[in-house]
Amino acid sequence: MSGVTMGTNMTAVLPLISRMAEATTVDEVWGMASGFFGSLGFARANYGFTRFLHKRNVGDPDDAIFLTTGDADYARFYFQNGFYARTPVYRWAVSNVGATTWRWVKDAFDAGQLTPEEMDAVRQNAAIGIVAGVSVSFPEASTRSKGALGLIADTGIGPDQVEAIWERHRDELLAVSHLMHLKIITLPQPTAKRSLTERQRQALEWVADGKTTQDVAMLMEVSAAMVEKHLRLAREALQVETTTQAVAKASLLNMIFQRVAKAPMVGKS
């Protein structure tokens with residue numbers, strides 16, 4: 001509860017925003033943002049983003065970003081088992097843009113206005129201490145993209161206390177949330193199942209520049225057959241049929257044309 005009373009203001013948050021803007025990995029951004037959320041009474045946080053939204057379906061989960069401060073068991077329960085899609089806050093996030101506390105969920109539950117599936121999800125959440133929080137549904141330029149953040153109030157913090165925190169810290173929470181989201185979607189997406197080797201990335205980048213297989217072979221100083229192998233493996237990793245689709249998908253997932261972060265130089269001033 002110490003985070004609820006310590007207080008922050010926008011001036012104090014500015015250094016954090018600067019550090020987040022300069023971060024080079026998703027883990028860095030998520031770590032800084034979630035640490036801030038935790039300082040205000042939301043140590044548990046879930047974030048999701050997809051570029052392949054269709055109605056309420058996020059598409060292939062391997063193409064989406066799912067981040068949580070929960071442990072591995074919680075991540076499997078919430079994301080991999082699809083529990084998130086059965087919650088009323090997910091329905092709200094997909095259908096709206098903006099931010100809201102979860103007061104409406106409690107009111108709708110008490111009034112019996114949720115679907116049976118959502119009612120059951122609320123009960124399951126309550127059983128593990130999730131009874132209050134805040135949702136942020138981010139505006140997107142693409143009709144197929146959607147990102148949302150769920151901030152779960154710490155144990156012992158109820159709906160009334162969340163309303164007070166939200167009233168006091170809304171601007172800081174939204175500033176950090178929006179920068180976190182905007183930064184994350186520009187960075188390479190961390191996913192083992194969609195990883196590309198350096199040579200596969202290079203081949204896709206040259207194809208994206210309009211080069212032929214022979215051109216790429218010359219530029220990469222390998223045979224045309226080796227280029228075709230790199231492109232085939234890239235297509236398999238991205239689970240697409242054509243190289244054109246691979247270029248498009250790799251671009252969407254920020255897997256090509258990315259600046260590689262340099263390791264810090266030890267002992268240099």
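In this chain, numbering begins with 1 at the start of the sequence shown.
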Give me the atom names and distance for the closest heavy-atom approach of [X] to [Y].
X	Y	answer
I184	V29	CG1-CG1, 3.9 Å
A21	K183	O-NZ, 2.8 Å
F49	H181	CD1-CE1, 3.6 Å
D154	A43	OD1-N, 2.9 Å
T213	A224	CG2-O, 3.8 Å
P139	H178	CD-CE1, 3.8 Å

Residue pair [X] / [Y], side-chain donor-acceptor N/O under 3.5 Å:
X	Y	value
W92	T100	no
H230	E198	no
N46	T68	yes
E28	T24	yes

S177 and F37: side chain to side chain contact (heavy atoms under 4.5 Å, CB included), yes or no, with the steps? CA-CA 9 Å; S177 298; F37 302 144; 3.6 Å; yes
Would you find more than 12 non-hydrogen atoms of other residues, nucleotides or ligands less than 6.0 Å from W206 atom CH2?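 Counting neighbours around CH2 of W206, 12 or fewer heavy atoms of other residues, nucleotides or ligands fall under 6.0 Å, so no.
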Same cluster or not: are [X] and [Y] linked, directly or through other Ile, Leu, Val, Met, Phe, Trp or Tyr residues, by side-chain heavy atoms under 4.5 angstrom apart?
X	Y	result
W166	V97	no
L196	V240	yes
M218	V227	no
M32	V176	yes
V131	F83	no

For the aromatic rings, using the six-membered ring if either is Trp, is the centroid distance between Y78 and F66 under 6.0 Å?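 No.
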Chi angles and distances behind the side chain to side chain contact (heavy atoms under 4.5 Å, CB included) call for S251, I256: CA-CA 6 Å; S251 297; I256 57 176; 3.4 Å; yes
Can you tell me how the ring of Y84 sits relative to the ring of Y90, calling it parallel under 30°, perpendicular over 60° and tilted otherwise?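 Perpendicular, since the angle between the ring planes exceeds 60°.
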Does this structure show an ion pair linking R232 with E236, if we count only N-O contacts that are shorter than 4.0 Å?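 Salt bridge flag = yes for E236 with R232.
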Stepwise side chain to side chain contact (heavy atoms under 4.5 Å, CB included) test for L151 and W102: CA-CA 10 Å; L151 302 176; W102 295 353; over 6 Å; no
Side chain to side chain donor-acceptor pair (under 3.5 Å) evaluation trace for R235 with T242: CA-CA 7 Å; R235 292 193 298 271; T242 69; over 6 Å; no
Show, in sequence, the C-alpha distance, side-chain angles and deciding distance for F52 and K249, and conclude whether the side chain to side chain contact (heavy atoms under 4.5 Å, CB included) test is met. CA-CA 10 Å; F52 305 96; K249 193 167 188 178; 4.3 Å; yes
